*Asks:* 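This structure is in structure tokens; I'll ask about it shortly.
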Amino acid sequence: MREQYSPPDVERDAQAFWDERHAFRAKEDPAREKFYCLCMFPYPSGRLHMGHVRNYTIGDVISRYQRMRGKNVLQPMGFDAFGLPAENAAMANGVPPAKWTYDNIAYMTRQLKSLGFAIDWSRELATCQPEYYKWNQWLFLRMLEQGIAYKKTGVVNWDPVDQTVLANEQVIEGRGWRTGALVEKREIPMYYLRITAYSEELLRELDRLPGWPERVRLMQANWIGRSEGVRLAFPYSLDGRDEKLWVFTTRADTLMGVSFVAIAAEHPLALRLARDRPELKKFIDECRAGGVTEAELATQEKKGVDTGFVVRHPLTGAPVPLWIGNYVLMSYGEGAVMGVPGHDERDFAFALKYRLPIVQVIDVEGNPYDKTQWHERYAEKTGVCVNSGKYDGLDYKRAVDAIAADLATKGLGEKQVQWRLRDWGISRQRYWGCPIPIVHCPKCGTVPVPDDQLPVKLPEDLVPDGSGNPLAKHQDFVRCACPKCGGGARRETDTMDTFVDSSWYFLRFASSGNDDAMVDARANYWMPVDQYIGGIEHAILHLLYSRFWTKFMRDLGMVNVDEPFANLLTQGMVLNQIYSRKEGARVVYFNPADVEVAVDGASAKLKSDGKPVDMGGLGTMSKSKNNGVDPQIMVERYGADTVRCYMMFTSSPEDTLEWSDASVEGSARFLKKLWKRVHEHVSQGAAPALTVASLDANQKKLRQKTHATRQKIGDDIGRRLKLNTVVAASMELLNAVSDFNDASSQGRAVVQEALDTLVACLSPITPHICHELWLALGHPDPVIDARWPEPDRSALVSDMISLVVQVNGKLRGNIEVPAQASQDEIISAALAEANVQKFVAGQALKKKIVVPGKLVNLVV
RNA sequence: GCCCGAAUGGCGGAACUGGUAGACGCUGGGGACUUAAAAUCCCCUGGCCACAGGCCGUGCAGGUUCGAUUCCUGCUUCGGGCACCA
């Protein structure tokens, strides 16, 4: 064993050892309990960033731990390789997205390998490979057959100058990012996946995912958004025909307080009325301005226009004015809402603005109603109906029931369950994605590409120029023969949302290399994923789409699981300081590595010119803020183990991590110290066997610490997934070994056990150094094949326990009592303590609380 | 605007089921070793006071409890998501 710790040598040797043995290649084995550990695969953006390193280190720690627990572990890796950044890079550099992407994958694969992750690289995949995306297309065709995929119009951001569809990300403050033109909404035909067919199950099964964080389940439940209410109709006559305008409401009890009905600008009735009303047309056109995100729609000023048209109240037949409102969403419910200003905050503001009547129809006891000032209790469901004729005095539930029943007898309404979840639009007017396997034939119409013509291959040599999809201009791709009639036809040039690619990659890892089927029986061995790890930013979309996709494949009989991910760990973001300076009109950002911070931490200057820079606080590491830390540089400076150790130590997986160059030193020191201790120990020769019965008090104490550490670390990795305290507990044990000066034979035996424990427990986090130290400690087999060190219960018990004594809840002293002391013995020991006596003397004891093993509280 | 989180010393964080607030580490200060430096090792490091001890202290304001960082109510600030970034 070398005297000095040299990370490059240690890491090279350990990685070569694992590679030669294919140590992490996973084989299906029904006789063994499996553990499928998966990290969200990266987008190949160029280089790994710290968020990746954190994510994959967490996964690696869990994988290596489960392997030591005897599980058959699968940990695969791949690349989510389609997407917008490749097209942007292509435009900037004139390189086709395919080349850029594959170069990035090659570089990032090397980076991942240098970090020593226990990955089965034989299963690697990239979603831009035809062997992969062929199955996107194949399953899409199955969805078409089943009516799960269908075509309808959808709204997109449109750049009127570039004549192109923009992603939400490409809309900056309402303008196209390249042209600066004001963005408009535009309706185009798109393919949709009927995820709403699974609303009920997607919601219900959340309760059967105890291994998911509560907040993620809550977010998904709210996203799916089940609400019970009443669908009801306001009748009207137009063009001599009697029609019904349907609305959905959760507050049917307020129906008698309706003072207007508002419909979305895209509502068919709005478009019909606008035909002969130019001012309505003008308002509808105004509503076209701006982007399509919900955040933008929800924060814009609420505006409306009176159509002059009236509909009739479903119960009273009274005329109700019809408005068009920019805040009414066509995509939710019926695209129309009833306006009850008395009991809905938005309607109240709208009514004040446009001087519409505000009528109180619910009385919440003891609260006078003020028509000039909204109060949130007006919207409570706790009152009873007033000013509502026959419904007066009914509470929420009774009123809804009575009104729904009356509506039903008139054929103007019924109770209904409404969902917030919308179908998933997957068409993208972009090049670098999976082609949608459809052909448009002038004779046969829309024709699906037959299975035997899959995959529809994406040409890999095009370079986009920002004006629309280059596929549409590429005649070799567009021109094709109709699969039905053989005549000339046009290929669909829209590609699929990249969320499609990531909705089933976990199944493909488990059926790696099968060219004849999307998945096979191996998937049923590995699924579900036992531990899924990824950023909290994916809490809704990716996870919901993957759940839906898995359920559809289950319904086709392709897999036998209902849910893809049994346990979910959502890791926090990695943040770093942001430094900037105004140079002329623009703000320039500086990398923290180029900035020197004053000792007091209050000011900073640029190293190159010594001039001050502004400290902009913490932000996620990003290119635009230039605050990324390159993991590669850290690995070269300290070694992979130190980077991994620091990442795990500095905050718990679910919390945000604030990067600090200085703190990395602490982890480096710790590993150096560990190396030194082991070297000192083994250089004195093999330690004798441990004879537990012969240990003295001091030796027993270290042994107790060793086994307490085993218990804590096993629990922290196996149950709590708190990896920061694993490192802290290891540091404590190493400190205890350092403080233990006993060269006797049993002293050395106790130290051997402590060091064995340390090296084995740390091996999931810092696998390279532990690989070498384990062999140096005299073990014939590598630590990856070692059994996880379980605590010896008998080593944990001690004869005396220390208790805290409180008086009136305040700490006043400590006592030592025998472990088996009775309640009375404990209380008299507590009362005997000098400082305690000061506080209880001369006062009557009202209450004596003894918490076993913890404390005594005396109330006087 | 809506949904979901978070807030603890100079700093990152710990305290798991309501029971000793500040484990572990960083920074800073003091010391040892050294010709010197680096490295290493030891000690101190939440605030205040009448300093063998006491009082205050976990974003803010209340509440429940023998006891609250932990539970409840109302705020503030920061972060994630909002369906075409991935």
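Every value quoted in this text rests on a predicted model; they were computed, and no experiment measured them. Each chain gets a letter, A, B and so on, in the order the sequences are listed, and its residues count up from 1.
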*Asks:* What nucleic acid atoms does A:Phe649 come within less than 4.0 Å of, heavy atoms only: base, sugar-phosphate, or nothing?
*Replies:* base
*Asks:* When all nucleic acid strands are considered with a 4.0 Å heavy-atom cut-off, which category describes A:Val165: base, sugar-phosphate, or nothing?
*Replies:* base
*Asks:* When rounded to the nearest Å, what value does the distance between P atoms of B:C42 and B:G25 take?
*Replies:* 10 Å
*Asks:* At 4.0 Å (heavy atoms only), tell me whether A:Arg719 reaches a base, stays on the sugar-phosphate, or touches nothing.
*Replies:* base
*Asks:* Counting only Watson-Crick pairs (N1-N3 plus N6-O4 or O6-N4) and G-U wobbles (N1-O2, O6-N3), all under 3.5 Å, who is the partner of B:G59?
*Replies:* B:C75
*Asks:* Starting at CE of A:Met573 and ending at C1' of B:A86, how long is that distance when rounded to a whole Å?
*Replies:* 11 Å
*Asks:* Applying ring-ring contact (aromatic ring centres under 6.0 Å, His included), run through A:Phe41 and A:Tyr505 and close with a yes or a no.
*Replies:* CA-CA 9 Å; A:Phe41 61 166; A:Tyr505 73 109; 3.7 Å; yes
*Asks:* Can you tell me how far C1' of B:U20 sits from CD1 of A:Ile826, to the nearest Å?
*Replies:* 16 Å
*Asks:* Using a cut-off of strictly less than 4.0 Å, decide whether A:Arg420 has a side-chain nitrogen or oxygen near OP1 or OP2 of B:C3.
*Replies:* no
*Asks:* With a 3.5 Å limit on both atom pairs, tell me what B:C51 is paired to, counting Watson-Crick and G-U wobble, or say none.
*Replies:* none
*Asks:* Mind checking A:Gln300 for me? I need base, sugar-phosphate or nothing, with any heavy atom below 4.0 Å counting as a touch.
*Replies:* nothing
*Asks:* I want to verify a distance call: between B:U40, B:C85, B:G80, whose nearest atom is closest to the A:Met219 side chain?
*Replies:* B:G80
*Asks:* Taking for each residue the nucleotide of RNA chain B bearing the nearest heavy atom, is the 5' side occupied by A:Glu732 or by A:Asp715?
*Replies:* A:Asp715
*Asks:* Does A:Arg428 reach a base, just sugar-phosphate, or nothing at all? Heavy atoms under 4.0 Å.
*Replies:* base
*Asks:* Over how many whole Å does the gap from A:Lys810 atom NZ to B:G67 atom C1' extend?
*Replies:* 12 Å
*Asks:* Please determine, for the side chain of A:Glu537, which listed nucleotide (B:C24, B:U27, B:A86) has the closest atom?
*Replies:* B:A86
*Asks:* Assign A:Leu218 to base, sugar-phosphate, or nothing according to its heavy-atom contacts below 4.0 angstrom with the strands shown.
*Replies:* sugar-phosphate
*Asks:* Please give the distance between the P atoms of B:A37 and B:C44 as a whole number of Å.
*Replies:* 24 Å
*Asks:* Of the nucleotides B:C26, B:C16, B:A14, which one has an atom closest to the side chain of A:Ser652?
*Replies:* B:A14
*Asks:* Provide the Watson-Crick or G-U wobble partner of B:C33, both distances under 3.5 Å; none if there is no partner.
*Replies:* none
*Asks:* Taking only Lys NZ, Arg NE, NH1 and NH2, and the carboxylate oxygens of Asp or Glu, determine whether A:Glu732 and A:Lys705 approach each other closer than 4.0 Å.
*Replies:* yes
*Asks:* Within the structure shown, what part of the strands sits under 4.0 Å from A:Glu665 by heavy-atom distance: base, sugar-phosphate, or nothing?
*Replies:* nothing
*Asks:* Mind checking if A:Tyr192 touches a base, just sugar-phosphate, or nothing, with heavy atoms under 4.0 Å?
*Replies:* nothing
*Asks:* Round to a whole Å and report the spacing from CH2 of A:Trp675 to C1' of B:A39.
*Replies:* 18 Å
*Asks:* Return the minimal non-hydrogen interatomic distance between A:Thr153 and A:Tyr192, and the atom names on each side.
*Replies:* O-OH, 3.7 Å
*Asks:* Considering every strand and a 4.0 Å limit on heavy-atom distances, what is the contact class for A:Thr299: base, sugar-phosphate, or nothing?
*Replies:* base
*Asks:* Nearest of B:A83, B:G19, B:A39 to any side-chain atom of A:Lys672?
*Replies:* B:A39
*Asks:* Which nucleotide, in any strand shown, forms a Watson-Crick or G-U wobble pair with B:C66, with both distances under 3.5 Å?
*Replies:* B:G19
*Asks:* State plainly whether the residues A:Arg377 and A:Glu380 are in salt-bridge range, i.e. N to O under 4.0 Å.
*Replies:* no
*Asks:* Calculate the interatomic distance between A:Asn741 atom CG and B:C42 atom P; express it in whole Å.
*Replies:* 11 Å
*Asks:* Ignoring the backbone of A:Asn857, work out which of B:A21, B:C82, B:G67 is nearest its side chain.
*Replies:* B:G67
*Asks:* Which atom pair, heavy atoms only, marks the closest approach of A:Trp432 to A:Ala81?
*Replies:* NE1-O, 2.9 Å
*Asks:* Which one, B:G81, B:C3, B:U40, comes nearest to the side chain of A:Lys676?
*Replies:* B:U40
*Asks:* Tell me which nucleotide among B:C85, B:G5, B:U20 gets nearest to the side chain of A:Asn814.
*Replies:* B:U20
*Asks:* Could you go step by step and tell me if A:Tyr198 and A:Phe548 meet the ring-ring contact (aromatic ring centres under 6.0 Å, His included) rule?
*Replies:* CA-CA 7 Å; A:Tyr198 290 85; A:Phe548 155 64; 5.5 Å; yes
*Asks:* Could you work out, with side chain to side chain donor-acceptor pair (under 3.5 Å) as the rule, every residue matching A:Thr725, not counting sequence neighbours?
*Replies:* A:Asp716
*Asks:* Nearest of B:G54, B:U20, B:C16 to any side-chain atom of A:Arg812?
*Replies:* B:G54
*Asks:* When the C1' atoms of B:G12 and B:U27 are considered, how many whole Å apart are they?
*Replies:* 11 Å
*Asks:* Rounded off to whole Å, could you give me the CG-to-C1' distance for the A:Leu657 and B:A6 pair?
*Replies:* 15 Å
*Asks:* So what does A:Leu84 hit on the nucleic acid, given a heavy-atom distance under 4.0 Å: a base, only sugar-phosphate, or nothing?
*Replies:* sugar-phosphate
*Asks:* Can you tell me the base-pairing partner of B:A86? Count Watson-Crick or G-U wobble geometry only, both distances below 3.5 Å, and say none if there is no partner.
*Replies:* none
*Asks:* Using a 6.0 Å distance limit plus a 45 degree cone around the ring axis, check whether A:Arg194 lies over the aromatic ring of A:Tyr150.
*Replies:* yes
*Asks:* Using a 4.0 Å heavy-atom cut-off across all strands, classify A:Asn835 as base, sugar-phosphate, or nothing.
*Replies:* sugar-phosphate
*Asks:* Which nucleotide in the list B:A86, B:C82, B:A15 gets nearest to the side chain of A:Glu294?
*Replies:* B:C82
*Asks:* Please classify the nucleic acid contact of A:Val859 as base, sugar-phosphate, or nothing, using heavy-atom distances under 4.0 Å.
*Replies:* sugar-phosphate
*Asks:* Output the rounded distance in Å from CD (A:Glu654) to P (B:A7).
*Replies:* 12 Å
*Asks:* If the P atom of B:G22 is compared with that of B:C4, how far apart are they to the nearest Å?
*Replies:* 35 Å
*Asks:* A:Arg720 side chain: which of B:C66, B:G53, B:A15 is closest?
*Replies:* B:A15
*Asks:* Under a 90° cut-off about 0 for the syn range, is B:G12 syn or anti?
*Replies:* anti
